[in-house]
Structures are given as structure tokens and as C-alpha cells.
**Student:** 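Right, I'll just put the structure down here and ask away after.
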2 protein chains.
Amino acid sequence: MDAKRILKEHIAKIVSLTGEQFDYVFSHFKPQSYKKGQTIIGEGDKVDCEYFVLEGCLKSFYINDEVKMFILQFAMPTWWASDYNALYNGTKATINVDCITDSQVLCLSSADREKLCSEIHAVEHFFRWRTNKGYIASQKRLLSLMNNDARHRYEELMALYPALYNIVPKQLIAAYLGVSRETLSRLYNS
Amino acid sequence: MDAKRILKEHIAKIVSLTGEQFDYVFSHFKPQSYKKGQTIIGEGDKVDCEYFVLEGCLKSFYINDEVKMFILQFAMPTWWASDYNALYNGTKATINVDCITDSQVLCLSSADREKLCSEIHAVEHFFRWRTNKGYIASQKRLLSLMNNDARHRYEELMALYPALYNIVPKQLIAAYLGVSRETLSRLYNS
DNA sequence: CCAACTGTGTGACCTACATCACATTCAAAA
DNA sequence: TTTTGAATGTGATGTAGGTCACACAGTTGG
């Protein structure tokens, strides 16, 4: 199992922890395996973990009243996913997280994250940095959504994450871009 | 001048600092005054500060090739604004920040923020928390943009920040919602 | 006081994208 | 192998919202 190595390298890109510190941090992560299609967080659930992807691919998404799906994020290896709103506010999940492919994740409870953040300054720094990156990416996506048409957004996404093209069904890509699957289909067949 | 009190109370909501610590933190903030319409960050500028609003109202926005404006954020008192992408990556500004009304702000350089974060654990915690809130808000806005029509988004915004209605010209509200000013006008006259 | 500008309303038209309906392909399950 | 059901393609049609054009405030400044 090299879950440990993957997480270690991921964290080491941002902050340096001693071997001992990292072992301690790592001891709070619970490995889990999920099958393709399996739900990790379902609407209405109590949310107390966030998930670090080791292998596979997750999606976090919202389903509206007309049962239409909107994808907030695809989570590939070394990405994090959860319903952060529910996680931080202690409310029930409104966002779902499930598996696009068979996946291996490390699960960290919110309580443990806060404990680690307060015990080890560098860990707090790491999580600040991570959230920051997410925030900036989210702002960019907002702008792109307002500014660019569907074709442009599609090309942007494919340029940024070409791997998605092979792994993720096109209707999910449409749900991420905020267009219907029919429109997306017409876009790239021309 | 009670800039100090305003910042103190703002931070105290999240973390507790000793009087001494706070004085030290505060000494890194530079007060500035701006007139209505004045530019704080312009496209192409080198960005090295973020701004904490004491009084007045700022907007952060992007202008596209067709000279159309998209507003990322309105910043009212106790809110923060900057081009965070440029600030964290050391690139030139692509986002503008300017004043909707005469404004008073406290300016904190990125270097000082990082220094304070590394010197005082609680400050790092504060900034993690702040960014986290921003991230969650940004996700919500993304979903709303994909999910809801213009009228719904308008009502949502007015419910969340009724103060904006009086302070901010409607064309700016339109630029925030991602609709044309004409469409917005038609929406609330019916 | 008038000029100039900035903000807002409203009509006529246009377009990107949604929706619905059905056909087709492909993969999993029985 | 056959069956079932996802995932995709494609046509016909509807609609929210964009764009352009112009009229009419309300404010600011000379």
C-alpha cells in the first residue's frame, strides 16, 4: 500500500513535516475502497469527513428539483472532495459525492482535521493553501461561466484536464459545463 | 479613527489574539482612502496587497474583449478584496478592483500576510477560515448560476444583501448576476 | 442655469441553448 | 447468446435572455 507515499508527496509539495509529524498526521486518515457508482455522501446525510483521492475518480454534484444534475467537481488522484458547506457548518448534505470509477480514498474527519491544524502549524498552513487554490479555481470557473459560451468552456476544460475525456461520460462533462448533453454532443461534432 | 476596533472585532469573531498580538498584526495594515470611481487595482498592475474594507463599497470585476464587465464580488465593510489569483501567483492583475462609493480600507501586503501567518498560528487559522468561507460562497454562486434563471438569482441576491439595492447601480447588479442591464430592468418591472 | 454625463426604461429583433422525441450504439447481465 | 439498459447522436421546435436603438430621467460641474 503506498497510500502513505501519495499523501506524503502531496503534502510535501506545500509544507515540510518531519517523518514523525507525517506519521502522526497519516494515522488520522482512514483508507476506504468504493465501487463504481457507489455513493460516498448522499443528500441529507450527516457529513463528517472529507476525502483525499488515491485512485479512481469521484464527482461532487447537486441535484435540483427537476432532477437535473450539476457537477461541482471531478476529483482525480490527489484531489480532495466533500460537501464543504455541510462539513463546516454541521448541516446535512445538499451535495452528493459518488464514484465515477472504482476508487480508493483516504478519509479525514473534520474533527481530526481541526485537531491536526491546531496541533501542527504547518498542517494549518497546508489546508489554508489548499483551500486557497480551490477558491481561486472556483472564481475562474465563475468568470468562465458568465463570460464564455458552451463551446469555449468545453475546450477550456479539455485543455485543462485532458484525462477527463477518456474517463468521464460526456453527459457528466455536460453537467459540469452547465449545458445539456444534446448541446454538448452537437458542439464537438462540428 | 476606529479602523483598529473594526478589524479587531472582525478577527475576534474567529480567533482570539492577545492585545499585544493584535497590535502587532494591526501595525502591518496601511490605512488608505479612495474616492468614488477610483481604481485600486487595474488590469496589468503588479498586485501585492489585499484590502479590508472599513467603509464604503468596492467591486472586483473582469472586463472581457468586448469590453463587457463581470463582477466577481461587491466588498462592503469588513469584507476583503483583491485579485487573489495575481496575488498568490505573483502574476499581473487580470481582475480590477475599484470604488463604487468613497471608501476607507486597510491594506495588507501579501508578504506581510504570509509573515504574520507563519509567526502567529492563530492568524493562519483566521485566514484559512476566511478563505474557506469565500470558497463555500463561491461554490454556492456557481451552482446558482447554473441552476437558476436570472430572476431567481436577482431575488436571491437581494435577500442575501438587501443593502446593495440602495448603494449599487442596477447595471452593476446585472453585471454581478451575469445578465444584461436591459434584462434585469425588465425582470423587476413585472 | 444649462451642458454633459451617467443611469435607467422599453420596444423590435436575434441567437444560443433547452426540451422533447426517437434512433442508434455499446456494454453488462442473465 | 440474447436481453436490458445505459450512453450518445440528431432533428424539430420553444424560449430566456442578448443586442441594438432610442427616449427619458437625475446628477454633477462649469
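Computation of the quantities below employed the complete heavy-atom set of this structure, encompassing side-chain atoms and omitting hydrogens, waters and symmetry-equivalent molecules.
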**Student:** Which side chain to side chain donor-acceptor pair (under 3.5 Å) pairs, counting each pair once, include a residue from residues 32-42 of chain B, with sequence neighbours left out?
**Tutor:**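 Qualifying pairs: S33(B)-Q104(B).
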**Student:** Is there a salt bridge (charged side-chain N to carboxylate O under 4.0 Å, His left out) between R5(B) and E9(B)? Walk through the geometry before answering.
**Tutor:** CA-CA 6 Å; R5(B) 213 202 69 240; E9(B) 282 176 10; 3.4 Å; yes
**Student:** Going by side-chain contact (heavy atoms from CB on, under 4.5 Å), name the residues that satisfy it together with T91(A), two or more places apart in sequence or in a different chain.
**Tutor:** A86(A), N89(A)
**Student:** Using a cut-off of 4.0 Å between protein heavy atoms and nucleotide atoms, how would you tag nucleotides 3-22 of chain D 5' to 3' with B, S and -?
**Tutor:** ----SBBBBB----SBBBB-
**Student:** Under the ring pair (Phe, Tyr, Trp, His ring centres under 6.0 Å) rule, collect the residues that match up with F26(A), sequence neighbours excluded.
**Tutor:**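 Only F22(A) meet the ring pair (Phe, Tyr, Trp, His ring centres under 6.0 Å) criterion with F26(A).
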**Student:** On a heavy-atom basis, which atom in E114(B) and which in Y88(B) lie closest, and how many Å separate them?
**Tutor:** OE2-CE2, 4.1 Å
**Student:** Could I get the full list of side chain to side chain donor-acceptor pair (under 3.5 Å) partners for H152(B), not counting sequence neighbours?
**Tutor:**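 Listed in chain order: nothing, the list is empty.
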**Student:** Walking along DNA chain C from 5' to 3', note the first and the last nucleotide with an atom under 4.0 Å from a heavy atom of chain B, and give both.
**Tutor:** dG7(C) to dA12(C)
**Student:** Ignoring hydrogens, what is the shortest heavy-atom contact between L184(B) and V179(B)? Give both atom names and the distance.
**Tutor:** CB-CG2, 4.2 Å
**Student:** Report the residues that fulfil side-chain contact (heavy atoms from CB on, under 4.5 Å) with N96(B), sequence neighbours left out, ordered by chain and then residue number.
**Tutor:**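 Testing N96(B) for side-chain contact (heavy atoms from CB on, under 4.5 Å), a comparison that skips the adjacent residues, returns E43(B), F61(B), I63(B).
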**Student:** Heavy atoms under 4.0 Å is the rule here; annotate nucleotides 25-30 of chain D 5' to 3' with B where the base is hit, S where only the sugar-phosphate is, and - elsewhere.
**Tutor:** ------
**Student:** Residues in side-chain contact (heavy atoms from CB on, under 4.5 Å) with S82(B), at least two apart?
**Tutor:** I41(B), V47(B), E50(B), Y84(B), L87(B)
**Student:** To the nearest 10°, give me the bend of the helix from dC1(C)-dG30(D) to dA30(C)-dT1(D), comparing the axes of its five terminal pairs at either end.
**Tutor:**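 So the angle between the two local helix axes works out to 40°.
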**Student:** Could you tell me which residues satisfy side-chain contact (heavy atoms from CB on, under 4.5 Å) with S16(A), sequence neighbours excluded, listed by chain and number?
**Tutor:** none
**Student:** Locate the shortest heavy-atom distance separating Y62(B) from I95(B); write the atom from each residue and the value.
**Tutor:**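 Taking every non-hydrogen atom into account, CB-CD1, 4.1 Å.
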**Student:** List in chain and number order the residues that pass ring pair (Phe, Tyr, Trp, His ring centres under 6.0 Å) with Y24(B), two or more places apart in sequence or in another chain; answer none if no residue qualifies.
**Tutor:** H28(B)
